[in-house]
Structures are given as structure tokens and as C-alpha cells.
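What follows is a single structure, written as C-alpha cells, with notes after it.
Below, chains carry the letters A, B, ... as their sequence lines are ordered, and counting in each starts from 1.
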2 protein chains.
Amino acid sequence: MLDAFDRKILGALVEDAGLSYARIGERAGLSAPAVFERVKRLRSAGVIESVTARLDGESVGKPLLAFVHVDTTGWGKSERLMRMGEFPEVEEMHSVAGDTGMILKVRTQGPQALEHLLLQLYVIPGVTASRSYVVLSTYLDRPVQADVTLDWPKHPLPKE
Amino acid sequence: MLDAFDRKILGALVEDAGLSYARIGERAGLSAPAVFERVKRLRSAGVIESVTARLDGESVGKPLLAFVHVDTTGWGKSERLMRMGEFPEVEEMHSVAGDTGMILKVRTQGPQALEHLLLQLYVIPGVTASRSYVVLSTYLDRPVQADVTLDWPKHPLPKE
DNA sequence: TGATAATGCTGAAGGAGATTCTGTTACAAG
DNA sequence: CTTGTAACAGAATCTCCTTCAGCATTATCA
């Protein structure tokens, strides 16, 4: 599906989507129009979902990041649970396998705003419990990578 | 720090960073050069961290998304723990407050590749336990929002 | 209060880059 | 061997980025 050219182009776009097609072409070994065509294809194929600016949470007034595990009765996409996604503080929302039903990634002004959000969550029918993990420090936060080929097994197995 | 113009510009760039300055200007009520100047300022101020392409994990060969809680002895940025960030499968890495020390967001080819990664994590000194939450379904995944003003308290408080 | 400087805007203009077009090559199918 | 398709390079056009010159507004300070 993706050849080496595509991976190099995607790698460049993930690193900096502001690069000119000519410069990406140098890096990938293609002409600017060739890169243009491939990017257009990758877009319409859905490989590139969107091109967006990444913002600093602190600068936009939301310095507190937290992961919230939400326990629910029932499963999957109930209309009620989808309400959680309507809060602008909620950035991600995944149903997961494990000892909880849902994991939310939320960003708020501070601890009080988080408490306020949690109170709102409990109003939703089906929400039975929650556990919050407040982020103290982020050591890594990068977009989905495409340029690294994952030939499994890739890392040496631990001895023993 | 950020006025209403900035928020509108940021909102547009988060939605689609490929928009022309002229079009953003229409939306925000400014001329193209004004938008250009503001974006330059927002970049150098660090409000805009980067502009990147968001890729579809499945299309790039990493369909399995999981959150991994890692328990460690000791805290903070030990050089050993930082090794976790060197795996290309690890997209995010946060130290958190709660009943675990570290939360990782990882994306792998499949369950076996996840197991393989976990085995690698246990090789790192200081790692004592881990719990994985495999994502079954993602209902929401959006970048940091800046256009929504968070006037706390914003949501009506639940009536007891 | 009034003079001066600084900031931030608009509209025009030049230049860089995006996008289209044409011709060519490589490869696959018949 | 012939034909058709896919994908590329180079040239050309056209859009948009980026700079520049003035102007309005606001802040600073005498």
C-alpha cells in the first residue's frame, strides 16, 4: 500500500507540514509535481487524516492534562455516553479492554475545572465510577509516525 | 495574552492548517498580512508548537492502540526511564499522580508486537509492573482547542 | 493637555511556491 | 510485438505568501 517514497513524504509532513513540495522532493528523491500527486492520493485515501497546528496547552489556558478512567454500565456507543465527547475539555475518548470501560484525555484550566468536569460526567446515566490520573510531566508527545518500518520482531528479546 | 483574533486564527489553523491567510482573514475579520504577522508571533511565542500531518494509524501499519500504565521505583526523569521514549511505538509518555507512575500511549502492529514491547519495558531497571488498556474503539481524537473560551464554571452544576 | 513613539492595521507589489499541462519512460497485459 | 496504463520530469501558469509603504490608534511621558 505504501512504498518507500510515501513513507519518506509522510515522515516529512509529520515533522513539518509547512515544507514546500520541492524540498520534500529533494528529501525523497522525487520532483515537486510527483510529491504533489502522491500527497493528493494519500489525502484522498485517508492516510493523511488532516493537517493541523499543534498548540501548547498552557498557552491557550488549559495547563492541566489528565487521563480519566470512566467505569460504565453497558458497553459501546450508547448515545448517552457520547455526551462525554461534547465537553470541549475532552480531547480523546476511547473505549478500552481492561478494568475500566472508557479512557478520556482531558485538558482543563486547573484542578477545580477538572472537578467540575467530573461532576458533569457523573450526571450522565451509566457512569458509575472514575479514576483520574493527573499528568505531572510530559516526556514525549509526538504524532503517529509513518517513516519507521516496524519489522517485528524488531527489538532484541530480553535474555531469559 | 491571546485576544479574540488570535483564538479565531488558532481555531482555523487547528481545523485545517492548509487554509490560506486570506481565507483565515475573512473568518477572523483581518487582512492577510495581519494574519501572517499574528501567526508568526504565535509561532515564536510557542503557542503554535508545530504544524503536522495527522496520519491514520491503521494505514501506516499500526492498527493497535493501547494505553500502558507503568509502575516504577523512584520518580521523575531518570535516564533509565527515558529509554521508554526511544521505542518508535511509544507516542506519548507522561508521569502521573495516581496509582501508577507513568502512562504510555503506544501504537503497534498487533497484540504480539505489544507483548514484545512490554517485554522490552520490563528490561528497563526500575520498571516493576504494567497494566495495558487496549483501545477497542476511538470515539474522539482532536487536537488541543483554542477557540473555545473556558469561563469556569461553564457547565451548569448538577443539582445534587 | 499635547507631542512623540510604538503598535498593528490595510492595500499594493514582487517573488516563491502550488498546480496544471505535456511529453516521455517503464512496465503490464493481451 | 503491440497496446494501454501508471507515474514521472520539466516547463508554464497562476495563486498565495511575504514584504513594503503609508495610516490610524493607543500608550508614554513631558
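Taking the C1' atoms of five terminal pairs at each end of the helix from C:dT1-D:dA30 to C:dA13-D:dT18, the two resulting helix axes are inclined by 10°, rounded to 10°.
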Donor-acceptor contacts under 3.5 Å from residues 14-23 of chain B side chains, at least two apart:
{"residue": "B:Glu15", "atom": "OE1", "partner": "B:Arg27", "partner atom": "NH2", "Å": "3.2"}
{"residue": "B:Asp16", "atom": "OD1", "partner": "B:Gly18", "partner atom": "N", "Å": "2.8"}
{"residue": "B:Ser20", "atom": "OG", "partner": "B:Arg23", "partner atom": "N", "Å": "3.2"}

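Taken to the nearest 0.5 Å, the NE2 atom of A:His116 stands 11.5 Å off from the CD atom of A:Gln109. Taken to the nearest 0.5 Å, the OG atom of B:Ser137 stands 8.0 Å off from the CE atom of A:Met102. Note that the NZ atom of B:Lys62 and the CG atom of B:Asp56 stand 11.5 Å from one another [nearest 0.5 Å].
Salt bridge A:Asp141/A:Arg54: present, at least one basic N to carboxylate O contact under 4.0 Å. Under the 4.0 Å criterion applied to side-chain N and carboxylate O atoms, A:Glu89 and A:Arg107 are not assigned as salt-bridge partners. Between B:Lys105 and A:Glu92, at least one side-chain N (NZ, or NE/NH1/NH2) sits under 4.0 Å from a carboxylate O, which counts as a salt bridge.
Using a 4.0 Å cut-off on heavy atoms, none of the residues of residues 48-56 of chain B approach DNA chain D.
For B:His94 and A:Phe67, the gap between ring centers is short of 6.0 Å.
Per the geometry, NZ belonging to A:Lys40 stands 14 Å off P belonging to D:dA6, to the nearest Å.
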With the sugar-phosphate defined as primed atoms, P, OP1 and OP2, and the base as all remaining atoms, what B/S/- string results for nucleotides 9-19 of chain C, 5' to 3', for protein heavy atoms under 4.0 Å?
SBBB----SSS

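For A:Asp71, the side chain to side chain contact (heavy atoms under 4.5 Å, CB included) criterion is met by A:Thr100, A:Thr128, A:Ala129, A:Arg131, not counting sequence neighbours. Scanning for side chain to side chain contact (heavy atoms under 4.5 Å, CB included) contacts around B:Pro125 gives B:Arg80, B:Arg83, with sequence neighbours left out.
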